[in-house]
Amino acid sequence: MAKHKNNKKQSKTDHDDLGSYGILAQYWRLISGCWTYAGDERKRVVQYYVMFILANAIFMTQPYVLGELINALQAGGDEILKQSLFWLTLYVLGTFGFWLFHGPGRCIERMTAYTIKKNFNLKFYDYITRLPLHWHHDHHSGATINRVNKAANALSGFAETQFIYLQSIVRFTGVFVGLAFIDVYVSLALFVISCLIFYLLTYFDKIIMRLNHRINEREHVFSAALFDYVSNIQNVIMFNLSQTTEKHLSGAIQSWWAPFARAVVLVEWKWFLMSMLIVLSHFLVLYLYIAHHMKIGAGEVLALGTVVAIFQYMLRLDGVFAAVAQKYADLVQTHTNVYAVGNIVKSFEDIGIRDDHLPVLKVKKGEIHYDHISFAYKKAAAVFSGFDLNIGARQKIGIIGRSGAGKSTLVNLLLRFYEAPDCRITIDGQDIREISTKSLREHIAVIPQDTTLFEDTLMENIRFGKLDATDKDVIAAAKKANCHDFIMETTEGYNSMVGERGVKLSGGQRQRIAIARAILKAAPILVLDEATSALDTESEQLIQESLEKLMEGRTVIAIAHRLSTIAHMDRLVVLDAGKIAEDGTHRSLLKKDGLYAQLWKKQSGGFITIEQPEEDAAPKKKAKKKRAGKK
Ligand SMILES: Nc1ncnc2c1ncn2[C@@H]1O[C@H](COP(=O)(O)OP(=O)(O)OP(=O)(O)O)[C@@H](O)[C@H]1O
Ligand SMILES: [Mg+2]
């Protein structure tokens with residue numbers, strides 16, 4: 001729940017910033033957004049802009065042509081048939097000319113919008129994957145997905161309906177230019193009334209827009225909560241939380257009722273006043289024209305065609321008002337949705353990982369040096385202060401310590417999962433802050449404390465360890481990680497889907513998949529964070545052999561609570577409250593009779609022996625024999 005409140009605060013800040021842009025600035029920002037994400041297809045944007053301007057310029061000749069036709073009919077005479085044919089042909093050509101440019105322009109516009117949406121989504125996916133882990137811990141993934149989705153849809157929606165905005169601008173200008181040909185005063189009068197109508201429109205829409213912001217914020221809170229409950233569905237069912245969560249969701253939906261109801265009523269008021277003002281503008285303009293041209297000579301009549309032309313221009317202007325009234329609120333909403341992802345861009349600019357240009361890591365020996373590092377998670381107490389640790393070339397080091405001692409943090413810092421500008425950690429003398437993160441992670445294989453899988457097949461999930469591995473390599477790695485048997489028992493073998501985040505597999509099975517990935521990756525540095533904690537003793541012993549083979553010739557950092565799994569390592573380091581409490585081999589630490597010896601005593605039922613690791617290897621040998629016997 002705390003996270004949802006956080007989101008609320010965060011979205012409010014975004015919206016407040018966005019509210020400071022005027023409508024024209026918002027329109028301009030959206031156009032530049034389209035321009036940015038159109039990428040290689042920018043030429044097409046220019047192309048359809050020109051096409052829409054031409055289409056609508058042609059379209060705006062029609063009232064004039066219609067007026068001239070009626071005037072010709074009213075004047076009568078011998079030429080009447082020829083004249084009618086001429087003006088009627090122009091009238092038809094007006095519509096044809098419009099479609100000649102509008103149709104292809106729309107096709108290009110919509111296809112470009114597709115590209116804009118694609119580029120936008122890919123760009124944001126790139127931003128998100130380059131943001132450090134702590135950013136992801138501070139931001140709800142449901143809310144982030146919702147924001148990016150909404151923004152991509154809004155921008156592509158704007159991109160594929162730009163013709164409406166352009167059409168309105170050209171037609172609006174066209175009305176006054178056309179009318180000026182007929183009567184400059186009428187044109188000016190209509191311009192003044194139009195400005196009044198626009199003022200009213202924006203006045204209402206500003207209020208509606210603020211209400212929409214409020215609705216939007218509350219929708220974000222609702223989506224985040226829904227995502228949280230659905231992704232934690234097991235907890236919801238297990239703890240019988242469906243009623244409580246439903247109540248919370250219902251409260252979240254209810255929270256946007258008040259602004260929603262107000263906006264609904266205001267929208268109707270806006271349309272009513274708009275319609276009345278428009279009809280009054282018809283009245284005024286036509287009356288003005290008639291009054292202005294009343295004093296005509298004897299035997300002359302008011303040119304009816306001109307009155308029709310004026311009326312036709314006004315009808316087209318009504319269309320512009322309707323489009324603007326419709327699109328003003330849309331534009332503001334679109335701008336809000338598109339730029340609500342501003343926090344992601346800003347975070348990326350501030351803390352995003354953009355180090356592809358840095359040199360790549362070269363690992364020859366695999367020496368790791370933590371050089372007097374100090375680190376604290378944001379706003380939390382320091383986990384390390386002045387911590388030193390040297391891990392020799394191809395040394396296998398076991399890290400032991402109470403929960404919360406900082407073991408995972410140690411490897412997270414090595415992998416640069418967290419921003420730690422003050423942490424100097426070197427691998428073969430190269431400071432990891434000065435090499436590309438991508439190359440750093442290529443050289444480290446991790447079997448994490450908690451393995452989640454992609455919603456894909458077992459085969460692909462293992463292949464993530466090495467993307468170019470063949471099926472044969474994957475199966476060989478799976479066999480070594482003791483996965484093969486359980487995979488073959490599934491209905492579709494390696495092609496079985498694992499379910500969302502791997503929920504269809506047991507914790508131990510997921511861990512073995514992670515081990516198979518690491519075997520496939522074969523990186524020079526290996527990190528095992530409780531790699532076998534979810535396995536039963538027999539499986540663990542079987543895998544231990546594979547892991548030992550995997551460890552050969554590599555630098556290994558293995559974290560474990562179950563000491564028997566790491567007791568045989570070259571060196572054991574006991575961490576306590578971010579400091580090295582003990583450092584030595586299993587034997588030397590037992591002799592020392594300190595923290596390690598106490599832990600060992602507890603885990604081995606009070607029986608201390610320095611030979612324990614070797615004895616511990618005995619069941620492994622038995623298991624090996626058993627397996628060999630099976631074959
Ligand atoms: N993302 C985080 N934000 C804030 N504090 C954190 C975060 N991750 C860990 N911590 C804190 O840092 C300290 C060290 O955590 P760490 O995960 O390194 O412990 P650990 O030794 O791996 O414990 P365990 O054996 O339970 O896995 C703990 O006090 C923990 O609460
Ligand atoms: Mg841990």
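When a ligand or atom number is given, it counts from 1 through the structure's own listing order. We number each residue from 1, following the sequence as shown.
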Asker: Salt bridge between Asp431 and Arg424, side-chain N to carboxylate O under 4.0 Å?
Answerer: yes
Asker: If the threshold is 4.0 Å, N to carboxylate O, is there a salt bridge linking Arg402 and Asp576?
Answerer: yes
Asker: Give a yes or no on whether Ser403 keeps an N, O or S atom under 2.8 Å from the Mg ion (ligand 2).
Answerer: no
Asker: Protein residues near ligand 1, heavy-atom distance below 4.0 Å?
Answerer: His137, Tyr377, Val383, Arg402, Ser403, Gly404, Ala405, Gly406, Lys407, Ser408, Thr409, Tyr418, Gln449, His561
Asker: Got a salt bridge between Glu349 and Lys346, using NZ or NE/NH1/NH2 to carboxylate O under 4.0 Å?
Answerer: no
Asker: Between Arg571 and Asp583, does at least one N-O distance fall below 4.0 Å, as a salt bridge requires?
Answerer: yes
Asker: Quick check on the 6.0 Å ring-centre criterion: do Phe120 and Tyr37 meet it?
Answerer: yes
Asker: Looking at Asp355 and Arg416, is any side-chain nitrogen of the basic one under 4.0 Å from a carboxylate oxygen of the acidic one?
Answerer: yes
